[in-house]
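Here's the structure, in structure tokens; my notes come after.
Here, residue 1 is the first one in the sequence, and each next residue gets the next number. Side-chain atoms are counted along with the backbone in the values below, which use heavy atoms only and exclude waters and symmetry mates.
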Amino acid sequence: MGLLLALELLLLLLALPRLFCASTFTRSPLDREAEALLQWRSSVGDGWPYDLESWKKGTSPCNWTGVTCSTTMPHGRDQGDAVLVVSQISLKWYYIRGSLDGLRFEDLPHLVYLDLSYSILSGPIPSSIGALAGLSFLDLSKNYDLNGSIPPLTGLPRLAHLDLSSNALSDEIPSSIGALANLSFLDLSRNTISGSIPPSICNLTKLTSLDLSYNLLSQGSMTCTVGTLGNLKKLYLSHNSLTTGLIPSDLVNLASLESLDLSNNHITGSISRSIGNLTSLEFLDLSNNQIMGSIGSIGNLTSLRYLDLSNNQIHCSILLTFSKLTSLETLALESNQLNGILPPELGSLVHLSHLNLSSNQFVGTIPPQIGHCRSLSSLLISNNLLTGQIPQELGYLGDLYELDLSRNNLSGAIPETFSHLNQLYMLDLSYNSLCGTIPTYMSAPLMSLDHNMDLCDNVYNCTPRCEAPKLDKEQQDMKHLRMLLPAVFVPFCFTCLIASITIVWRRRKLMKTTSERKYGDIFSIWNFDGKIAFEDILSATENFHQKYCIGIGGYGSVFRVELKGGIIFAVKLLHSMEEYSDEGTFHTEIEVLTKIRHRCIVKLYGFCSHSQCKFLVYDLIERGSLSSILHDHELAKELDGPKRVAVVKDVAQALSYLHHDCDDPIVHRDIKSSNVLLDLDFKAHVSDFGMARKLKHGCSSWSTIFAGTCGYIAPELSSTMVLTEKCDVYSFGVIALEVVMGKHPGDLLLPFFCRTEQTTKLKDILDQRIAAPSTVDEKDVILVALVAFACLQVCPKARPTMQQVYQALENRSHCPAIILRPLDEIRLQDLHDCCGTIKNI
């Protein structure tokens with residue numbers, strides 16, 4: 001019996017090694033892959049977000065967030081032995097913090113798809129990533145802190161998609177990259193890669209998209225044969241230091257090329273004629289180089305939709321160059337040395353939405369055929385040598401958003417058709433020789449008519465002087481026709497005569513009243529360093545002569561007044577007397593406004609109530625309006641990112657004071673960028689309370705007159721006419737976006753009403769005239785945009801109060817986590833989704 005037991009024990013001991021081996025053998029590839037992933041997770045610590053808690057030991061990785069499994073046939077197994085393996089890892093947007101060093105790539109041999117973009121990974125890309133022999137898709141973009149050199153990657157023969165953009169990679173592009181024969185997409189943009197473009201890139205004959213933009217590439221040309229990249233559709237090499245000879249003559253072989261961006265380099269010489277053979281090209285940007293010579297060959301690119309040649313040294317005429325480009329939507333030629341006349345053929349570009357010909361040497365007249373481009377939203381032809389009259393056809397461009405004809409030598413009157421430009425936001429006709437009367441209903445939030453000596457609005461003491469324009473044959477026929485209609489013409493002349501007599505009588509009466517100095521009967525005015533006499537103001541402005549006018553708004557003209565003793569202030573002469581016909585109401589409102597004391601609000605010293613006019617006396621703020629500064633390129637550059645954030649805070653503080661700190665809440669009703677003034681230190685001051693009204697606690701105020709300015713009006717005000725503080729909140733949201741964008745948000749406001757997806761990136765709407773924000777300043781920019789989106793909600797109740805807005809801007813540490821994300825990755829939709837949190841701060 002004992003012998004039998006001993007034999008059984010011996011047999012068991014002999015079987016142990018086999019059992020151990022069997023146990024080891026049955027350990028699946030999935031187990032090893034799970035172990036590798038869990039070990040990496042432990043190495044990055046608490047960087048994992050909460051929604052990756054599915055990653056737990058003992059569970060199948062096929063059920064983990066971001067992990068996909070598939071079946072495979074291990075080498076040496078029968079057909080029935082297919083096993084599960086990890087084939088895809090996609091953790092985009094999960095903000096994994098740590099490095100890639102802890103990830104054992106050799107234990108993930110079946111991986112074909114790896115996406116760790118939009119995370120917070122740092123450190124180098126380990127060379128062991130080359131062990132993923134079956135990998136076809138690799139995206140490590142938008143991590144920002146991945147650094148060091150690009151590894152050889154020679155062990156990835158199946159790789160088709162490689163995106164390492166928006167990191168801190170340095171050194172040169174390794175020549176071994178040319179061994180990735182299956183690569184169709186390569187993006188190394190927005191790093192600090194230096195040196196030259198390696199010739200081996202031209203071995204990548206399957207490439208359809210190549211992006212090396214925003215790097216430090218500096219050496220000469222692509223020394224390989226670019227024509228071998230016959231499948232290339234997109235080539236982006238902008239924002240480097242590339243020079244002459246960048247693109248060789250065999251560029252003509254890229255028959256499939258659709259987008260070519262070589263902007264912001266140091267390219268000299270002329271545009272190769274071979275570029276005219278790229279008949280599939282839809283996007284061409286050669287801006288901000290030193291290109292000279294002719295651009296005639298571009299006229300053959302009939303598929304072009306976007307063309308930017310701005311900021312070069314091109315010296316030629318554009319006559320007929322663009323007549324064939326009938327698909328063109330954007331044409332930017334500003335800041336060159338282009339000359340000759342503007343060809344009428346520009347009118348054939350019926351899909352054109354943006355035309356910029358500013359800062360050139362064009363002569364002659366503006367062709368009226370441009371009025372045929374009915375899709376135009378932006379027409380900029382400033383700073384040229386143009387003469388003649390403004391064509392009335394421009395007034396038929398119903399979608400026109402900005403129009404700049406300033407700094408030419410245009411003459412004649414402003415066409416009456418400009419009254420129909422209802423979408424116009426920016427209008428600049430300054431520094432011309434225009435004359436006559438400003439069209440009655442012509443308006444724009446940003447409007448400059450300065451330095452047109454014979455131009456006026458014909459409201460106060462205005463005698464427009466304008467030579468009659470020469471009539472063409474059609475106009476002469478019309479003139480003859482009118483001569484046959486005395487029944488209409490004679491009454492018209494009689495009406496004009498009566499109007500002239502009335503104007504002269506009113507002016508003489510006003511001067512007579514002034515000379516009598518009957519202050520107590522005809523006006524009342526607050527003291528400002530002693531009495532301000534009505535006569536003194538009229539004398540200092542020569543009866544409000546246009547040469548003292550420093551701005552024209554919807555409700556009045558602003559004049560610079562300097563009295564004896566060097567006292568300088570601003571006087572706003574109100575255009576209309578009707579709204580203030582109730583003297584008691586007018587006096588009560590002004591009394592309230594003169595008691596306002598706040599650093600961010602323009603001081604109102606008093607008013608004058610005269611039988612013929614009314615005006616308000618304000619502190620003079622030196623730099624002028626925010627809108628005019630944003631419109632001036634040089635001043636806009638001086639108003640950098642931190643200053644802009646401070647401007648938004650100042651406006652928020654001013655409105656918070658009006659809504660919450662006054663005895664009775666005060667609603668401004670016309671918050672817009674032209675009513676925000678900046679002093680010499682770029683401190684913001686809210687102005688123009690001529691439209692303000694008091695609100696009793698807990699009550700709404702019904703306005704009998706529609707308030708506000710198009711583009712800033714809260715949606716509920718236009719339909720219900722109910723005025724509340726939330727109307728100001730909406731207008732503030734528009735201004736906040738306008739400050740970071742450098743222009744009115746315009747169509748960007750539509751998704752709030754239509755509830756459509758906003759896929760645009762925040763970084764893409766920022767004002768490109770100023771430097772990109774630093775890492776620290778990014779948080780402020782994101783916060784301003786987030787607050788703006790919160791204020792722009794269609795439902796008034798969904799908007800925060802101005803007190804909540806100001807607290808959010810001041811207490812960044814208590815704001816949503818979205819402001820901690822890199823600016824480059826934030827979509828406008830992300831801001832929309834998070835904006836409700838502002839009310840909870």
query = Does one side chain, of Ser375 or His351, offer a donor that lies under 3.5 Å from an acceptor on the other?
reply = no

message = On a heavy-atom basis, which atom in Pro61 and which in Cys69 lie closest, and how many Å separate them?
response = C-SG, 4.4 Å

query = Nearest heavy-atom pair of Arg644 and Ile770: which atoms, and what distance?
reply = NH2-CG2, 3.6 Å

ask   = Are His744 and Tyr712 close enough that their ring centres sit under 6.0 Å apart?
value = yes

task = Could you check if a side-chain atom of Lys142 sits within less than 4.5 angstrom of a side-chain atom of Ser165, using non-hydrogen atoms only?
result = yes

Pairwise distance CG(Leu114) to CD(Gln88) - rounded to 0.5 angstrom = 10.5 Å

query = Are side-chain N/O atoms of Glu402 and Ser378 paired as donor and acceptor at under 3.5 Å?
reply = yes

message = Measuring from atom OG1 of Thr68 to atom OH of Tyr113, what distance do you get when rounded to the nearest 0.5 angstrom?
response = 9.5 Å

task = May I ask you to test the Ile193-Leu217 pair for a side-chain heavy-atom distance under 4.5 Å?
result = yes

query = Where is the tightest heavy-atom contact between Trp64 and Ser54, given as atom of each residue plus distance?
reply = CD1-O, 3.1 Å

query = Between the main-chain N or O of Gln653 and the side-chain N or O of Ser656, is there a donor-acceptor pair closer than 3.5 Å?
reply = no

query = Within a strict 4.5 Å, meaning less than it, do heavy atoms of the Leu286 and Ile267 side chains meet?
reply = no

request  = Evaluate the criterion salt bridge (charged side-chain N to carboxylate O under 4.0 Å, His left out) for residue pair Asp767 and Arg769; output intermediate values, then yes/no.
outcome  = CA-CA 6 Å; Asp767 194 344; Arg769 295 173 296 181; 2.8 Å; yes

remark   = Of His659, His668, Arg669, Arg799, the one forming a side chain to side chain donor-acceptor pair (under 3.5 Å) with Asp728 is His659

ask   = At what distance, to the nearest 0.5 angstrom, does CG of Leu792 lie from CG of Leu748?
value = 9.0 Å

message = Can you confirm whether Leu132 sits close enough to Leu138 that some side-chain heavy atom of one is under 4.5 Å from a side-chain heavy atom of the other?
response = no

inquiry  = Contact between Thr801 and His660 at the side-chain level, heavy atoms closer than 4.5 Å - yes or no?
reply    = yes

message = Using only atom types and a distance under 3.5 Å, with no angle test, would you say the side chain of Asn356 pairs donor to acceptor with the backbone of Glu334?
response = no

query = Given side chains that start at C-beta, do those of Lys643 and Asp640 come closer than 4.5 Å, heavy atoms only?
reply = yes

query = Is the shortest heavy-atom distance from the side chain of Asp780 to the side chain of Pro773 under 4.5 Å?
reply = no

key: Side-chain donor or acceptor of Asp650 paired with backbone N/O of Val676 under 3.5 Å   = no

task = Please confirm whether the backbone N or O of Ser122 pairs with a side-chain atom of Asp145, one donor and one acceptor, at under 3.5 Å?
result = no

ask   = Backbone N or O of Leu831 within a donor-acceptor pair of the Asp833 side chain at under 3.5 Å?
value = no

note = d(Leu379 CG, Met426 CE) to nearest 0.5 Å is 9.5 Å

Gap separating the OG atom of Ser353 from the CD atom of Glu329, nearest 0.5 angstrom = 6.0 Å

query = Considering all heavy atoms of both residues, which atom of Tyr730 and which atom of Pro715 are nearest to each other, and what is their separation?
reply = CE1-CD, 3.6 Å

ask   = Looking at side-chain heavy atoms only, is the closest gap between Glu738 and Lys672 below 4.5 Å?
value = no

ask   = Once you round to the nearest 0.5 Å, how far does CG of Asp285 lie from CG of Leu307?
value = 8.5 Å

